[in-house]
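First the structure, in the form of structure tokens, and then the observations on it.
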Amino acid sequence: MLEGKNVIITGCLQGIGKETMAVFAQNRANIIACSYRQDEEFAGFCKQMAKENNIEILPVYFDMNDNEAVKNAAKQIISWKKEIHGLVNIAGMNRDAYFNMLSYQDLYDTFQVNFFAQILFTQYIARWMQRKKTKGSIVFTSSIAALVGAEGQVAYGASKAALIGAMRSMAIELGKDGIRVNAVAPGVIHSPMTQQLDDALICDRVMKMDIPRLGNADEVSNLYMFLVSDLASHITGQVMRIDGGM
């Protein structure tokens, strides 16, 4: 489905990002795999996926808390002179706190990783896509918390809602260049981030679903793959919920 496409994926070290990298590799995309730190196991995983699927996987390491590192990573990718057909922004963080207990630092840090750094990184990549006249797809990862709210997730939900607002304006601006921009809003998905949630909270959210179970990472990855593929060639400016009908 993605053969011959060059796709950047952030947040590849674990969870949904790592699963998305595997799904894209199995569908024959060449991947620029972004991780916030170097990891021997991750480097081995990249080599294994590349060999098994006869594709190219290039790891890039940078911390989204550091804007200079974000800029340098984007410039490094651009220096390879490759056409970029897709960018899937998955990297994110969460610091749960009730509104009256939320510190400014937690709010700032959450927006830095979930919004500011992602917009900065995407800006560099989108400019390169425009320069190369590459028609492609940019996907952001929002959250159900941005759409319906969640107790204790003021900072997280707000940062993910900001992505939706930015995405819709970007879709209008970039559409004339053949670049589609969408967002995926996962519900409660099996992931390292979900493991930080209280069991009672998870149970409450599952009971509110039409399909009463946690989602799996590969189900989210398949949605990313659809949005990057040519099957979604007339879809832009949309928020795609994947939450079991919450």
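As the structure is a prediction and not an experimental result, all values here were calculated from the model.
Inter-residue side-chain proximity for Lys5 and Asn27 is flagged as unmet; no heavy-atom pair is nearer than 4.5 Å. The shortest side-chain heavy-atom distance between Met1 and Ser229 falls under the 4.5 Å cut-off. Between Val88 and Ile138, the closest side-chain pair of non-hydrogen atoms is not below 4.5 Å. The side-chain heavy atoms of Asn114 and Asn94, taken from C-beta on, include no pair separated by under 4.5 Å. The shortest distance between side-chain heavy atoms of Asp243 and Val188 does not fall below 4.5 Å. Arg131 places none of its side-chain heavy atoms less than 4.5 Å from the side chain of Arg127. Two residues are said to be in side-chain contact when any heavy atoms from C-beta on lie closer than 4.5 Å; Trp128 and Lys81 meet this criterion. With a 4.5 Å cut-off on side-chain heavy atoms, Ile90 and Tyr224 count as touching.
Here OG1 of Thr20 is found 9.5 Å from CD1 of Ile31. Values are rounded to the nearest 0.5 Å. With rounding to the nearest 0.5 Å, the separation of OG1 in Thr110 from OH in Tyr156 is 10.0 Å. Note: Arg241 CZ to Ser142 OG = 10.5 Å, rounded to the nearest 0.5 Å. Taking CD from Gln76 and CG from Leu58, the interatomic distance works out to 9.0 Å, rounded to the nearest 0.5 Å. Between the CE atom of Met21 and the CD atom of Gln26 there is a distance of 11.0 Å, given to the nearest 0.5 Å. Rounded to the nearest 0.5 Å, atoms CG (Asn30) and CD (Glu3) are 9.5 Å apart.
Here the side chain of Ser159 pairs no donor or acceptor atom with the backbone of Phe111 at under 3.5 angstrom. With Lys176 contributing its side chain and Glu173 its backbone, the two residues share a donor-acceptor pair below 3.5 Å. For Glu219 (side chain) and Asn216 (main-chain N/O), a donor-acceptor pair under 3.5 Å exists by modelled atom type. In this structure, Ser35 contributes its side chain and Tyr61 its backbone to no donor-acceptor pair below 3.5 Å. The closest donor-acceptor contact from the side chain of Lys160 to the backbone of Thr141 lies under 3.5 Å. Judged by distance alone, the side chain of Arg180 and the main-chain N or O of Gly175 form no donor-acceptor pair under 3.5 Å. Checked by atom type and distance alone, the side chain of Asn6 never pairs as donor or acceptor with a backbone atom of His85 at under 3.5 Å. Panel note: side chain Asp177, backbone Ile179; no donor-acceptor pair is recorded below 3.5 Å. The backbone N or O of Ile119 lies less than 3.5 Å from no partner atom in the side chain of Thr122, so there is not a single donor-acceptor pair. Between the Asn72 side chain and the Glu68 main chain, a donor and an acceptor come within less than 3.5 Å of each other.
In this structure, the ring of Phe62 has its center less than 6.0 angstrom from the ring center of Phe121.
Phe99 and Leu147 fall within a single hydrophobic cluster, where Ile, Leu, Val, Met, Phe, Trp and Tyr are joined by side-chain heavy atoms under 4.5 Å apart, directly or via other members. Criterion: ILVMFWY side-chain heavy atoms under 4.5 Å apart, direct or through other members. Under it, Val7 and Ile235 are part of a common hydrophobic cluster. Transitive grouping of hydrophobic side chains (ILVMFWY, heavy atoms separated by less than 4.5 Å) keeps Ile211 and Val220 in distinct clusters. If you chain together hydrophobic residues whose side chains sit under 4.5 Å apart, Met167 and Ile172 never meet in one group. Hydrophobic clustering (ILVMFWY, side-chain heavy atoms < 4.5 Å, transitive): Leu223 and Leu231 are in one cluster.
Counting all heavy atoms, side chain and backbone alike, Thr236 lies closest to Ala171 at OG1-CB, 3.6 Å. Taking all atoms of both residues into account, the shortest heavy-atom contact from Phe115 to Ala166 is CE1-CB, 3.9 Å. Nearest heavy-atom pair across Phe45 and Ala22 is CZ-CB, 4.1 Å. The shortest non-hydrogen separation linking Ile57 to Ala50 is CD1-N, 3.7 Å. Of all heavy-atom pairs between Gly187 and Ile144, the closest is CA-CG2, 3.7 Å. Taking each heavy atom of Leu174 and Ala126 in turn, the nearest pair found is CD1-CB, 4.1 Å.
Looking at Asp109 and Arg95, a side-chain N of the basic residue comes within less than 4.0 Å of a carboxylate O on the acidic one, giving a salt bridge.
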Side chain to side chain contact (heavy atoms under 4.5 Å, CB included), that's the test. Do Phe140 and Gln118 meet it? Break it down for me. CA-CA 9 Å; Phe140 288 101; Gln118 295 193 35; 3.9 Å; yes
Side chain to side chain contact (heavy atoms under 4.5 Å, CB included), that's the test. Do Leu2 and Val228 meet it? Break it down for me. CA-CA 8 Å; Leu2 301 175; Val228 171; 4.1 Å; yes
Evaluation steps, side chain to side chain contact (heavy atoms under 4.5 Å, CB included), between Cys34 and Ile8: CA-CA 7 Å; Cys34 303; Ile8 303 168; 3.8 Å; yes
The test is salt bridge (charged side-chain N to carboxylate O under 4.0 Å, His left out); show your working for Glu56 and Lys82 and say whether it passes. CA-CA 12 Å; Glu56 183 178 40; Lys82 296 178 180 292; 3.0 Å; yes
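Heavy-atom neighbours of Arg213 CZ from other residues, nucleotides or ligands within 6.0 Å: above the threshold of 12. Open room surrounds NZ on Lys135; 12 or fewer heavy atoms of other groups in view lie less than 6.0 Å from it.
A cation-pi arrangement is not found for Lys75 relative to Tyr124, the charged atom failing to lie both closer than 6.0 Å to the ring centre and inside a 45° cone about the ring normal.
Looking at residues two or more places apart in sequence or on another chain, you find no side-chain hydrogen bond (donor to acceptor under 3.5 Å, both in side chains) involving Asn182.
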